[in-house]
2 protein chains.
Amino acid sequence: MDVGSSLQNRVPRKRRKMQRVTMMDVAKLAQVSPSTVSLYLRKPAAVSPAAGQEIARAISTLGYVPNLVAGGLAAASSKVVSIIVPSIRNAFFAETVSTLQSELAAEGLQVILGHSEYGEEQEEALVRTALAWAPAAVVLTGLSHSAETRKLLQASGVPVVEMWEIGGNPIDMAVGFSHPQVGASAARHLLSKGRRSLAFLGARMQEDHRAAKRANGFAEEAKRTGHATCEVINHPGAATVEAGSLLLNRALQQVPNLDAIACSNDLIALGALFECQRQGLAVPDKIAVAGFGDLDFSASCIPSLTTIRPSGDLIGKEVARLILAGIHGAQPTGPSRIIDTGHVLVERRST
Amino acid sequence: MDVGSSLQNRVPRKRRKMQRVTMMDVAKLAQVSPSTVSLYLRKPAAVSPAAGQEIARAISTLGYVPNLVAGGLAAASSKVVSIIVPSIRNAFFAETVSTLQSELAAEGLQVILGHSEYGEEQEEALVRTALAWAPAAVVLTGLSHSAETRKLLQASGVPVVEMWEIGGNPIDMAVGFSHPQVGASAARHLLSKGRRSLAFLGARMQEDHRAAKRANGFAEEAKRTGHATCEVINHPGAATVEAGSLLLNRALQQVPNLDAIACSNDLIALGALFECQRQGLAVPDKIAVAGFGDLDFSASCIPSLTTIRPSGDLIGKEVARLILAGIHGAQPTGPSRIIDTGHVLVERRST
DNA sequence: CCTGTTGATCGTAGCGCTATGATAGTGAAA
DNA sequence: TTTCACTATCATAGCGCTACGATCAACAGG
């Protein structure tokens, strides 16, 4: 043997001997090989009923919980979907994430959540760590991303779904609606009510590209018709009720004879509504108010709010559908990779 | 070619030869061993500056992204924290999850999100899959869980934080406030304003134990003082503005001379406020309205809403602090494992 | 010159599972 | 009988990384 450094004697230095129940334990108890247990867990139909019963019994008596980390490593793709939204505090995204989570959980997929806070660098960092999980899919919000983000995702080969916006060039798949069209719908509605001095009230539009696109669509449609004026007013902070009050006041200052406003968010519209009430401006007689989002309170406030419903639920469902279809083999190509969930204008008392 | 069983020739059947960049590739390029790269990634200070620079250069030229799945398997604990809330659509939890996610992300931890929808069985299933990820910690909402859930968590040895409620017996750690005390605060406030015919309007209290506890605290405080009546009214559906309108009407029917209401949620309070306005009931002259949550609109509505602020932000921060302290070694024991974030009554115009 | 100490680096055995063939076992077709 | 096709089961090589202990170089103290 080896003289000199005589300590070659390999002590099998065991690491923390976790007493975790493994698939091996289940296999032993069920008198089958680990492979069969694994197979049973993945495709129960592929093992004989007898063996299946034994395995099921063993699993329950041992209280076995499969280790998804190990599974993910071996399978080179883990059962997680990474979702990146600007902010979960935003009711729009909360709705979509909620639906998406439920749909994916039903298929055994976990959701990893990240917030970009409307920052492309933050988003890039999130995408980077997301990819470190070898996820089954990555879901992003909107179509605007840093070049590096696009590169990372494309190179990874992971399915990508961009949601809440269509009308651009998606990395892979997209589910959403056209924001300029939403703006245009709002403008057409207000014009159809005979309004001519319009303002669009938005928040954080320097970062929130989708809100900015709604504003553009609104302004362009207003101008296209020729005989209306339109001012776009931005609040640099978040879209809140408070911001709505401030924005309404600024609109009243800047736009003579203001007779209609459209807001990038129902919260802003609600703030505007309150401010009108405070100032004794009759809605809709003096000023018509339209919102976006159809949030919880929009049908119940006074007056009830005309708004545009983007159906965050539907977006969540469709995103889930695309992801699951991809996992189950059927890879759609062509236009079916872009889904337009549309928008609905809900006319109520405020216009 | 293969005659008979002459094919014993062990072809090293390689699996999908993923061309993923691995730590090995980085090590080769940087002329160090994989161990050193791993060490550098985990504790940069432990490798020499020269080697560190080489490694950093190699990482960036190769565009290496560490595989967290492999890391999690090897380390027997992954860098994820599983958070289970009743619903992310609820602004309270959205706020906490948002803060928590940001705090944890800053330390390289990912957040896996699950929704129990106020169901104990659902929660149990979520906990089960959560544990399958060998998470660094599990965060639950409230102190009420199935016996099996408690058992699973206790057996796993994973740090557990229960949030948004204290006053019971936590599995491990808890961050939140006392809901009965919130109810009592609201009652005392209304009583101090001379109100004597009270009602508590809540939603989904058969499932939302915390709302039910606020209701109890309110009713008991009201009765304790002797000279006030109190009715608790429940809406079986979700807490929405719409529900607030319905509940107010039921309260008006059931409680003669109703002069004050407390709501389990600001959305309900807002609905009640709107309904009062519709019916021409002056707030606070005829009816005082108090809410819970201090949501976005509460300071801006008409009249501005007296409410109780639970500070979901603070809860998120404290939960993050506990988790990070646990990871960084310092295991607090005793009372420091239960943190009371308190509540603040914000008096405004509605009472 | 030896010993001990310290700091940096390395070699390698797993972590628990899945994917890939291989291997038995069965019956039908030739 | 032999051959082939098909099913059920198994053995085992990784997946990419971390943790453990070993190793090595440099240097101080005796």
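Residue numbers start from 1 in every chain, and the chains themselves are labelled A, B, ... in the order their sequence lines are given, proteins ahead of strands. Model, not experiment: these values are computed from the prediction.
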Residue-phosphate contact under 4.0 Å: A/R20 side-chain N/O, C/dC15 OP1/OP2: no
Expressed as a whole number of angstroms, how long is the span from A/Y40:OH to D/dA8:P? 15 Å
What is the distance from CE of A/M23 to P of C/dG14, rounded to the nearest Å? 20 Å
Pairing of B/R128 and B/E148 as salt bridge, 4.0 angstrom limit: yes
Please give, in whole Å, the distance from C/dT18 P to A/L41 CG? 7 Å
If the cut-off is 4.0 Å, is B/S38 near the phosphate of D/dC17, judged by side-chain N/O to OP1 or OP2? no
Taking 4.0 Å as the cut-off, does a side-chain nitrogen or oxygen of B/Y64 come that near to OP1 or OP2 on D/dC17? yes
Using atom NZ of A/K28 as one end and atom P of C/dC17 as the other, report the distance to the nearest whole Å. 12 Å
Starting at atom CG of B/N67, determine the distance to atom P of C/dC15, rounded to an integer number of angstrom. 18 Å
In terms of side-chain heavy atoms of B/T22, which of D/dT18, D/dC17, C/dG16 is nearest? D/dC17
side-chain hydrogen bond (donor to acceptor under 3.5 Å, both in side chains) evaluation trace for A/H145 with A/E162: CA-CA 10 Å; A/H145 316 288; A/E162 288 159 283; 2.8 Å; yes
Symbol by symbol from the 5' end, with Watson-Crick or G-U pairs under 3.5 Å, [ ] crossing and | another strand, DNA chain C is ||||||||||||||||||||||||||||||
Roughly how far apart are A/I55 CD1 and A/S60 OG, rounded to 0.5 Å? 12.5 Å
Does the side chain of B/R89 reach to within under 4.5 Å of the side chain of A/E95, using non-hydrogen atoms? yes
Give a yes or no answer on whether the side chain of A/T96 reaches the backbone of A/G316 with a donor-acceptor pair at less than 3.5 Å. no
Ignoring hydrogens and angles, write down the donor-acceptor pairs under 3.5 Å from the side chains of residues 61-69 of chain B, residues two or more places apart or on other chains.
residue : atom : partner : partner atom : Å
B/T61   : OG1  : B/R57   : O            : 3.4
B/T61   : OG1  : B/A58   : O            : 3.1
B/N67   : OD1  : B/V69   : N            : 2.8
B/N67   : OD1  : B/A70   : N            : 3.1

Exam field: side chain A/T141 to backbone A/M163, donor-acceptor pair closer than 3.5 Å: no
Main-chain N/O of B/A320 paired with B/E103 side-chain donor or acceptor, under 3.5 Å: no
Which atom pairs link the protein and nucleotides 7-10 of chain C when you take only N or O atoms and keep those under 3.5 Å?
residue : atom : partner : partner atom : Å
C/dT9   : OP1  : B/S48   : OG           : 2.7
C/dT9   : OP2  : B/S48   : N            : 2.9
C/dC10  : OP2  : B/S33   : N            : 2.8
C/dC10  : OP2  : B/S33   : OG           : 3.3
C/dC10  : OP2  : B/T36   : OG1          : 2.5

Would you mind reading off the distance between B/M24 atom CE and D/dG14 atom P, rounded to a whole angstrom? 12 Å
Taking B/S156 for the side chain and B/L131 for the main chain, is one N or O donor matched with an acceptor at less than 3.5 Å? no
B/I59 atom CD1 is separated from D/dC17 atom C1', nearest whole Å, by 14 Å
Below 4.0 angstrom from OP1 or OP2 of C/dC17, is there any side-chain N or O of A/R42? no
